[in-house]
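In what follows, every chain begins at residue 1, and chains take the letters A, B, ... in the order their sequences are listed. Note: hydrogens, waters and symmetry copies are ignored here, and every other heavy atom, side chains too, is used.
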Amino acid sequence: MTSVPERPNLDGLEERWSEEWEAAGTFRFDRTATRDRVFSIDTPPPTVSGSLHIGHIFSYTHTDCVARYRRMAGEEVFYPMGWDDNGLPTERRVQNYYGVTCDPNLPYDPDFVPPEKPEKRSIPISRPNFVELCRLLTLEDEQVFERVWRKLGLSVDWSMTYATIDKVSQRTSQMAFLRMLERGEAYQAEAPTIWDVSFQSAVAQAEIEEKELPGAFHRIPFRFSDGSGQVEIETTRPELLPACVALVAHPEDERYRPHFGTTVTTPLFGSPVQIRPHELADPEKGSGIAMICTFGDTTDVTWWRELALGVRPVIDRRGRFVEIEWGSEGWESADPEAAQANYDELLGKTVKQAQKRIVEQLIEQGLLVGDPRPINHMVKFFEKGDRPLEIVTSRQWYIRNGGRDDDIRERLLKRGAQLVWHPPYMLNRYEGWVGGLNGDWLISRQRYFGVPFPVWYGVDDNGDPDYSKRHTPAEDLLPIDPSTDSPVGFDESQRDQPGGFTGDPDVMDTWATSSVSPQIISGWADDSDLFDRVFPMDLRPQAHDIIRTWLFSSVVRADAEHDSLPWTHAAISGWVLDPDRKKMSKSKGNVVTPLPLLERFGSDAVRYWAANGRPGTDTAVDEGQMKVGRRLAIKILNVSKFVLGLAGDEAWNGEVTEAIDRAMLAQLADVVAVTTEAFESFDYARAIEKSEAFFWPFCDNYVELVKGRAYGTGSEAAVASARRSLVEALSTLQRLFAPHLCFVTEEVWSWWQPGSVHRQGWPEADELRALAGEGDPGVFTVTAEVLGEVRRAKTEAKRSLRVEAEAVQVFDTPDRLALIEPARADLMEAGRISDLVCTESESASVDVTLSPED
RNA sequence: GGGCGAUUGGCGCAGUUGGUUAGCGCGCUUGCAUGACACGCAAGAGGUCACAGGUUCAAUUCCUGUAUCGCCCACCA
């Protein structure tokens, strides 16, 4: 039965056991399990167009530890894996890899084969062809990822994977969208939109980040139209002067109060604009009076909307200055010809070029007060972009997320508070974000690779889309691609023809699909049997930086569709920092790849490092911790081998009679209780900390104290007690470490027990307590202390620990001496003590007389 | 500007309801081949728990400030 290798080691455990687990279906989800027995996990899908870095290893290990605990605690764990192959990163990669570009107007070519090598000039292909290539390339990436995950030992059910662009995801995503559209939770609007001029797409509030850039204040005078003087504004964007539609100052600002309602003219262009009051104008900033342009920033949009101003757009979607359409009367200006002449010099220029020119014009015409004053200011960027965002007017899809409706906002705040956060303070991030929303969620992107909007529009007699005539497909037809499928009642010959139809050209934002990941993996669209067993899910593990995006948007979708939370718990992980505690990023070049670490230290060692990162806490890459993990794994091998050598199968029949054995088991029972409690609150780190804190003294003190007895010294009952206690402790410890060190524990379990350790029951504190009986934990603790004193004497004498202690005198209080007495024989054997005398005394000390040196 | 975290020996970290000499690991020093483990074992040195107040019989732990670091948010003229 028991079969222990001669020299156990960690080599090859990962390959051996991950193959075994796959073959035996150890982590296969049993879908006959009912909801009350299921623990379901909404695994984050890693972006496959990137590469796995150590941060993934870190946070996925946390989830895996929890999953393994839950499984052992008797739950049926639903633990799938997803791949995020959606969005811009994949698009870019496919374009470069195959040398193609997507043209949504082209028809699908079923025979298209990409060139071996990308050609100089990129080949335009249809959206379905483009999407096919994306799938082809991401499939390879997924396999690489899966290999790393298996090496790490994630206990996911590999028969349950999804990709954010696969059919099920598209279908779920489109279906959820259409239902929101029907309920009025999704809508289309023509409005000023934050726009990235490089990517040619609108972007959402959540995808914006700010960078500090150098800029300059330009002080520019506006003359009163009645010739009575001037006001001076300050701006960092003088190029928007032709787009100026009003000036604005704070209503209480005494400097400008008398001028509210009066008209001034814009320099260079001579357009009449009014001075208006608004609270958002900051008297402290610049000269306290600002120009409103259509549109320089989001404040402009607010002012423009709330003051009901006209619009003078000057920047197009490519970020260049365009012809202004003024109608028949030309420039609305005191001097239309001069205005047009000034503006002609800006035509076709980029924002940067135009700014340069307009400043020259201002200087030439004496319209700049003083020199431009250099400052550094924050400028909004798309998080993946490298040019400042502009604001253009466009038609986009939105989802109501509370940004414009207080009642929705309140409801979503309440949902957030219902969610159990680990750690709890992460709720603040959620509430801060939801409270600060200033618009609905923009979900349409003018890109190609993504889930298309399942919508067509009628085409009017002029051949233009008629957005009021909307066609949507029945749910059972989903997923559809409106660029190749036609709506019911039409055929392809009517595409883009007067009286016919046209497809919505946009795709959904990545988060619009990711936000329904719980519905995708739960089978909401097509598998109601599965759905009922796993939804609402139990756990969403994710990092703190995407609380505002993935977590929040998922709450929005589940609230709208199911009137519930998508999951009960959110476990928020920290980031991995490089060894110098700097955040890892590709641009810094400090990204650590995991595979070499997994190979060097072993997966259990890397898992150990990860498991020591507290929930929600940023943690540095620390090879020292991995070394410690490796040592712990080796220790588990060796102590298992030793104990199994001392105690055979018949050890289970023994009875625990000795006080020190009972003491050890009583302590172990407490450890089981506290680790169980830690795991119940998703604190995998505290769990391993407590197990480990017991484990080392167990090896170094308990095993040392009882090994003589376990070998056969003493009465039959005493021997049996030691052996039984050893196998009980070993079995318990192997299971306690199983969630974290999944490979080595499986290895040592296999030496003497049938089945996988990962399918065993979690240790029960009560069972151990029953074995321990009335055992006083102090017997073990105090005896170990005395043994320590004896060892110290030997070490300080620079003698071997094996040397005989001729006489040991223990001075201590009566109650402590009473604890030593029942373990006297073990203590004398372990300490090689020939004569042990205990003497009552107020102050504790131990006198040791060693045998003389040879 | 608002909010959230962090601050414990050279380094990385625990310290969960305030309570006797503040723990652990790495590193360092000194020993030891002891019936599993030298990828081991034993022992040792090393901390005014960021700073200043307050509450309390008692504060690393609670409260209020301050400083430094990190993160999130904000309308960035």
Subject >> Arg832(A) side chain near U34(B) phosphate (N/O to OP1/OP2, under 4.0 Å) >> reply: no

[X] has a side chain; which of [options] sits nearest to it?
X	options	answer
Arg802(A)	C72(B), A33(B), C76(B)	A33(B)
Lys641(A)	A14(B), C76(B), A36(B)	A36(B)
Trp575(A)	C71(B), G12(B), C76(B)	C71(B)
Ser800(A)	C32(B), A43(B), G12(B)	C32(B)
Arg791(A)	A42(B), C71(B), C76(B)	A42(B)
Val703(A)	A36(B), G12(B), C75(B)	A36(B)
Phe642(A)	C73(B), A36(B), A33(B)	A36(B)
Arg614(A)	C72(B), A14(B), C76(B)	A14(B)
Lys798(A)	G31(B), G5(B), C75(B)	G31(B)

Do the side chains of [X] and [Y] get close enough for a salt bridge, i.e. N-O under 4.0 angstrom?
X	Y	answer
Arg237(A)	Glu390(A)	yes
Glu239(A)	Lys352(A)	no
Arg709(A)	Asp826(A)	yes
Arg614(A)	Glu689(A)	yes
Glu829(A)	Lys707(A)	no

Would you mind reading off the distance between [X] atom [atom1] and [N] atom [atom2], rounded to a whole angstrom?
X	N	atom1	atom2	answer
Asn428(A)	G5(B)	CG	P	6 Å
Phe601(A)	C39(B)	CZ	C1'	12 Å
Leu437(A)	A74(B)	CG	P	8 Å
Arg7(A)	C39(B)	CZ	P	10 Å
Gln625(A)	C13(B)	CD	P	9 Å
Glu785(A)	U21(B)	CD	P	16 Å
Ile194(A)	C76(B)	CD1	P	13 Å
Ile636(A)	A36(B)	CD1	P	19 Å

Considering only the [atom1] atoms, how many Å lie between [N] and [M], rounded to the nearest integer?
N	M	atom1	result
A74(B)	C4(B)	C1'	15 Å
G54(B)	U48(B)	P	22 Å
C63(B)	U21(B)	P	25 Å
C69(B)	U8(B)	C1'	16 Å
G70(B)	G23(B)	C1'	26 Å
G27(B)	G18(B)	P	36 Å
A33(B)	A50(B)	P	44 Å
U60(B)	G47(B)	C1'	12 Å

Original post:
Between Trp575(A) and His544(A), what is the ring plane arrangement, given parallel below 30°, perpendicular above 60°, and tilted in between?
Top reply: tilted

Original post:
Taking the six-membered ring for Trp, are Phe698(A) and Tyr702(A) parallel (under 30°), tilted (30 to 60°) or perpendicular (over 60°)?
Top reply: parallel

**OP:** Check each residue of residues 626-635 of chain A for a non-hydrogen atom within less than 4.0 Å of any atom in RNA chain B, then write out the ones that pass by number, or none.
**Re:** Lys627(A), Val628(A), Arg630(A), Arg631(A), Ile634(A), Lys635(A)

Original post:
When the nearest nucleotide of RNA chain B is assigned to Glu796(A) and to Val639(A) on a heavy-atom basis, which residue is associated with the more 5' position?
Top reply: Val639(A)

**OP:** Let me know, please, whether Gly788(A) or Asn9(A) comes out on the 5' side of the other along RNA chain B by nearest nucleotide.
**Re:** Asn9(A)

Original post:
CE/Met664(A) to OG1/Thr783(A) distance, rounded to the nearest 0.5 angstrom?
Top reply: 13.0 Å

Classify [X] by what it touches in the nucleic acid, base, sugar-phosphate, or nothing, heavy-atom distance under 4.0 Å.
X	value
Glu829(A)	base
Trp696(A)	sugar-phosphate
Ala693(A)	nothing
Glu704(A)	base
Asp300(A)	nothing
Leu801(A)	base
Arg237(A)	nothing
Thr302(A)	nothing

**OP:** Output yes when a side-chain donor or acceptor of Arg409(A) lies under 3.5 Å from a complementary backbone atom of Leu437(A), and no otherwise.
**Re:** yes

Original post:
So what is the 5' to 3' dot-bracket string for RNA chain B, if pairs are Watson-Crick or G-U wobble with both distances under 3.5 Å, crossing pairs use [ ] and | means the partner sits on another strand?
Top reply: (((((((..((((.....[...)))).(((((.......))))).....(((((..]....))))))))))))....

**OP:** Mark this stacking check for Tyr711(A) against G35(B) as yes or no, applying ring centres under 5.5 Å and ring planes under 30°.
**Re:** yes

Subject >> Criterion side chain to side chain contact (heavy atoms under 4.5 Å, CB included) on Glu207(A) and Thr549(A), from CA distance to verdict >> reply: CA-CA 8 Å; Glu207(A) 293 171 301; Thr549(A) 48; 5.8 Å; no

Subject >> Test salt bridge (Lys or Arg N to Asp or Glu O under 4.0 Å) applied to Asp683(A) - qualifying residues, sequence neighbours left out >> reply: none

Subject >> Among Glu692(A), His740(A), Arg630(A), side chain to side chain donor-acceptor pair (under 3.5 Å) partner for Tyr608(A) >> reply: Glu692(A)

Original post:
Applying the ring pair (Phe, Tyr, Trp, His ring centres under 6.0 Å) test to His422(A), which of Tyr684(A), Phe679(A), Phe682(A) qualifies?
Top reply: Phe682(A)

